[in-house]
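What follows is a single structure, written as C-alpha cells, with notes after it.
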2 protein chains.
Amino acid sequence: MMDSLAWPATEGARGHSIAKGTSRDIRVANRFEIMRVVIARSPVSRQRIAAETGLSIATVATVVGELIAAGLLLEVGFEDSAGRPRALMAVDHAGGVLLGVDVAETYVRVDLFDAALAFLDGVEEALSPEENRPDQVVGHIVSGVRTVLGRAGTPAPRVLGAGITVPGQVDHRGGVSVFAPNWDWHDIAFGELLSARLGIPAHLDNPLRAAIVAELWFGAGRRREDVVVLNLGTGVGAGLAFRGTLYRGATNSAGEWGHTTLVLDGRPCHCGGCGCVEAYVGAPGIVQHLRELDPDSPMLHANDQTATIDALARGIDAGDPIAQKVVAETARYLGAAVANLINLLNPEAIVLSSWVATRLGEPLLAEVRAVVARHALGRPFVATEIARSTLPGDSVSLGAATLALEGFLSEIATNRAKG
Amino acid sequence: MMDSLAWPATEGARGHSIAKGTSRDIRVANRFEIMRVVIARSPVSRQRIAAETGLSIATVATVVGELIAAGLLLEVGFEDSAGRPRALMAVDHAGGVLLGVDVAETYVRVDLFDAALAFLDGVEEALSPEENRPDQVVGHIVSGVRTVLGRAGTPAPRVLGAGITVPGQVDHRGGVSVFAPNWDWHDIAFGELLSARLGIPAHLDNPLRAAIVAELWFGAGRRREDVVVLNLGTGVGAGLAFRGTLYRGATNSAGEWGHTTLVLDGRPCHCGGCGCVEAYVGAPGIVQHLRELDPDSPMLHANDQTATIDALARGIDAGDPIAQKVVAETARYLGAAVANLINLLNPEAIVLSSWVATRLGEPLLAEVRAVVARHALGRPFVATEIARSTLPGDSVSLGAATLALEGFLSEIATNRAKG
DNA sequence: GACCCATTTGTTAACCGTCGGCAATACTCC
DNA sequence: GGAGTATTGCCGACGGTTAACAAATGGGTC
C-alpha cells in the first residue's frame, strides 16, 4: 500500500458525531485564509496580510514562515515605507503544481495549475458511452495526467496534489464514489485506484462542491460567508457554503436543487419526478421551451443541445423575438427557483456558473433578476448579490485543484523547531 | 445605561467578515456539549460525560469544575464501581432560573424554567390587535415576568437570563427587531427597552431560531449535525441548523421556507406571491382545502382556524372521509415541500413542530412520509428521519430560554485560580 | 561622507488559554 | 492492607497575542 493515499482507510469510527474543534483547526483555517490573501493581492506584505485577515503580525509571520518552508511562498521584493521596507510575498511559481480533474459523462478533463491556482495547461479526453467502467475512467485520468505533466517539461514539477471530481454522491473522506447514477456505480473505491496508479495524493469529491470551493477562494465567495453557486448545465445543481465553509449535508448529497419541485405535477423529469427545477432550466428543458414556442425553429439542432443553446445565444444577440421569449420563459422558472434559495437560505451571493450560464450570459441574468425581485422577500433579496461566475475556464477542475491545495495545506507540519 | 445589557451597543464594526475562531470558542462549545449531556443523562458521572462527548477526562473535570463554581451543577451522589465510586453530576435546581418569552401576534407567553430547562411555571397574556406598540408589548412581558417570578416564592431565585422571541427579522447581536411585518415595526431596539425595565440579561431572537435551538438541545437535534425544524402554524417557516449550530443567514432572515414557491402561479399567498408553501400547508391553507372539498362541512368554523383544525383532527380520528381527504391533500403539498428540503440540504432529521403538527399528528405525518418517499431522491431520503417534535409545551419559549442559557454559559469566567 | 536618530518592519520571548497524557492522590471494596 | 478505579494536579504541545528587541532604511547634522 502506498503512503500517498490521502484517505486513511480506517477512520470515522469515532463514537460520537459532534465535530470536536481542536486548536489545530484554527491554524489550518488561518493558513487557508493567508494563502487566499496572498493569491488575491500578490505581491503583498505581511502587514497587509495581517490587516486583511485580522490576525496579529506575529501569527502572520509564523504562518508565512511555514508556507515559505513548505515551498509555497517566496519573498519577491520590497516595498518602500517610512522605515524598514516591507517584504513582499507571492506564491512561488516553481513551488509545485496542482492537478484538477473533472470527470463528466462525456469527457475527462485534466487541468494543470501552479500553486497559485493559475492555469498552466489542460487536456480533454472524450468518453464514449461504453467507457463507463471505473478502470476505464481511471485510465483516461492517468493518461491525461501523464500528458500534462509530460508537457510541463523537465525536471518534472513537484505535484502537491490532485483533486478529482466524479458526478453523484461521493464520500470524500474515504475516496469512494458512493453512487454515480449515470454509470450505475456503487461504492467504487475510486480514490484508492487512482492513488495507486498515480502516486500522488488524490482528493475525490463531487463537482458541485468543487465549484463552490472555487468560488470561495477566487470568485464571488471571497470574503463572504454564505454563498450558493448554481451549476447550469445539462443537469443543474447547487453548491452550498455556509459560514465560509463548504456544506456537504449529512450523507454528502446536499445541493440537489435541480430536483426540488417548482411546479407540482409539472413536466416530467428524468429523475422520475415531476416539476423539478432541472426539467425547466437544464439545457434539455430550455431546448424544450424553444420547441414548444416554435417547433420548426432553425435554432433547433436535433441531438445537440450545445448547438441549440449556442444558436439561442446568437439569436438573443441578433434580437430574435423567439430567442428572447425562450430566455424569458427560462428566467420565469429559474428566477422563481433562485428566489426560493434566497428566501430559504438568505445567502450573501448566488453565482450562476457552468456552460449554459456562460452562453446565455447577461440577457438571461437580467431577466432572472427581474423575476427574483418579484418572487423573493424584500429584505433577503436586497442582501443577495446575483451574478455570473467570473472564474475563467472550467471552474470544476479549478475547484478540484483547490481542494487538493486545501489538503496539502492541512498537512503541513508546524515548525517550531528551527535550524 | 445598565450593565445587564446582553448586547454591546457598538460592535461588529470589524474590518473583515471572516469569523476568526479562537480557542475560547472551543471551550464554550465544550461547555454547551457537557451541559447537554448532563441534562439528558442526569445524574451522570464524569467518565460517562467524557465518553459521550469524546473529550478527555481531564478536560471534562475542568469544565465540570467551572460549571459547579458557576452554580449550575452539583454532585448529587455516587455510583458504585469496582473501585472508587463515580461522583454523579446533575443540574443544581436551586442554581438559578431562566425565562423564555414567546411574543406572538395574539399573545405574550412567559415561561419559567430551572437551569436544566425543566418547566416550572408560565403565564400567557392576550394581545389585542390594537396593542402593537413596542412599549405595550414590553409592558406585557414585564408583567408576565413579574408574575412568574413572584409566584416562584421567596427568596427570589437568581435569574440567569431571559430569552425573548419576536416574529420577523431580528438582529440578535444588537437586540433589535429589524422588521416585524405584522406590526410594521422597523428597527425597534426592543432589547434595550427590555433590559432597562427588567434588569436581566436579555437575548432577543426569532421564534424559528428558538425552535431549532430547542430541538438541538433537547429534541431530535441531539447528537445530530444538520437538522431542520418545520414550524407549522398559521404561518410556516423552517429553523435551520448546520454542523450542529444554528444557521441565521446573511441578514438573519434564513428559514422563510413558507415563502418558497411550490406551485408556480399557484394559490395567492398573503406575502403577495403565488404558490407559496404557506398558502397550502399553513392553517388557513388547510382550511381552504377543506372548504374546496366540502363548502358546507360542519368542521368549518368561520373566523376560527384553530377550531376548524381541531374539528379536522377529531374527524380523522372518527374516520371521516372528508377529513382524511383534507389531510391527504395537505400532505401532497407538505410532502413535496419537505422533499425539496431533503434534496437541497440533505439533513439528518426534519422535525415537524408547532400547533398544526401537534393536532394533525401521526395521520398527517404518515401521509407526508409516503409523499416524501415519492418526491425525494432515494439516498438522501433514507438518511433523513422525519418526525414530530417530542418537546413538551411551547418549544419556542423553551428555545428562547435555551438561548439565554447559552448566553450565560458563554460568559462564565474561566477559573484557573482556585480558593 | 560619517554619524546619529526616528521610524517602521520582522523576530523572539513571555503569557494566557485550550486540550491530552500521566502520575499522584482519593476513595472504596475485598 | 492490597487491589482497583475515580479524580485531580501537573506538564507538554499547540494556538494566538502582546511587548520587547533586532534589523533595515531615510533623513538630518556635523
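Here is how names work: the chains are called A, B, and so on, in the same order as the sequence lines, proteins then strands, and each is numbered from 1. These numbers were taken from a predicted model, which means no experiment stands behind them.
Ion pairing between B:Glu215 and B:Arg222 fails under the 4.0 Å rule for side-chain N and carboxylate O.
Not a single donor-acceptor pair under 3.5 Å links the side chain of B:Asp92 to the backbone N or O of B:Leu72.
Of all heavy-atom pairs between A:Asp171 and A:Asn252, the closest is CA-ND2, 3.8 Å.
Closest approach to the A:Arg24 side chain among D:dA6, C:dG10, D:dG15 is made by D:dG15 (side chain taken as heavy atoms from C-beta onward). Here the side chain of A:Thr59 is nearest to one of C:dT11, D:dG9, D:dG16, namely D:dG16. Among C:dT28, D:dT8, D:dG16, the nucleotide with an atom closest to any side-chain atom of B:Pro85 is C:dT28. Distance from the side chain of A:Ala58 is smallest to D:dT17 among D:dT7, C:dG20, D:dT17. Nearest nucleotide to the side chain of B:Ser56, out of C:dG20, D:dT18, D:dT7: C:dG20. Nearest nucleotide to the side chain of B:Asn30, out of D:dG4, C:dC19, D:dT17: C:dC19.
Ring orientation note: the planes of B:Phe242 and A:Tyr247 are tilted relative to one another, at an angle of 30° to 60°.
For the pair A:Gln47 CD and C:dT8 C1', the interatomic distance rounds to 8 Å; values are reported in whole Å. In this structure, the CD1 atom of B:Ile26 is 14 Å from the C1' atom of C:dC16, given to the nearest Å. Here D:dG16 presents its C1' atom at 13 Å from CD of A:Glu66, a figure rounded to the nearest Å. To the nearest angstrom, C1' of D:dC14 lies 12 Å from CZ of A:Arg31. When the P atom of C:dT9 is taken as reference, atom CE of A:Met89 falls 15 Å away, rounded to whole Å. Spacing between atom CD1 of A:Ile57 and atom P of D:dG15 amounts to 20 Å, rounded to whole angstrom units. Atom-to-atom, CZ of A:Phe78 to C1' of C:dT8 comes out at 14 Å; the value is rounded to the nearest Å. One interatomic measurement links the two molecules: CD of A:Glu79 to C1' of D:dT25, which rounds to 14 Å at whole-angstrom precision.
Map A:Asp80 and A:Val63 each onto its nearest nucleotide of DNA chain D; the residue landing nearer the 5' end is A:Val63. If you find the closest nucleotide of DNA chain C to A:Glu75 and to A:Gly83, the one lying nearer the 5' end belongs to A:Gly83.
Defined by atom type and a distance below 3.5 Å, a donor-acceptor pair is missing between the side-chain atoms of A:Thr62 and A:Thr59.
In terms of polar N and O atoms assigned as donor or acceptor, the side chain of A:Arg84 never comes within less than 3.5 Å of the base of D:dA24 in a complementary pairing. For B:Arg86 against D:dA6, no side-chain N or O and base N or O form a donor-acceptor pair under 3.5 Å.
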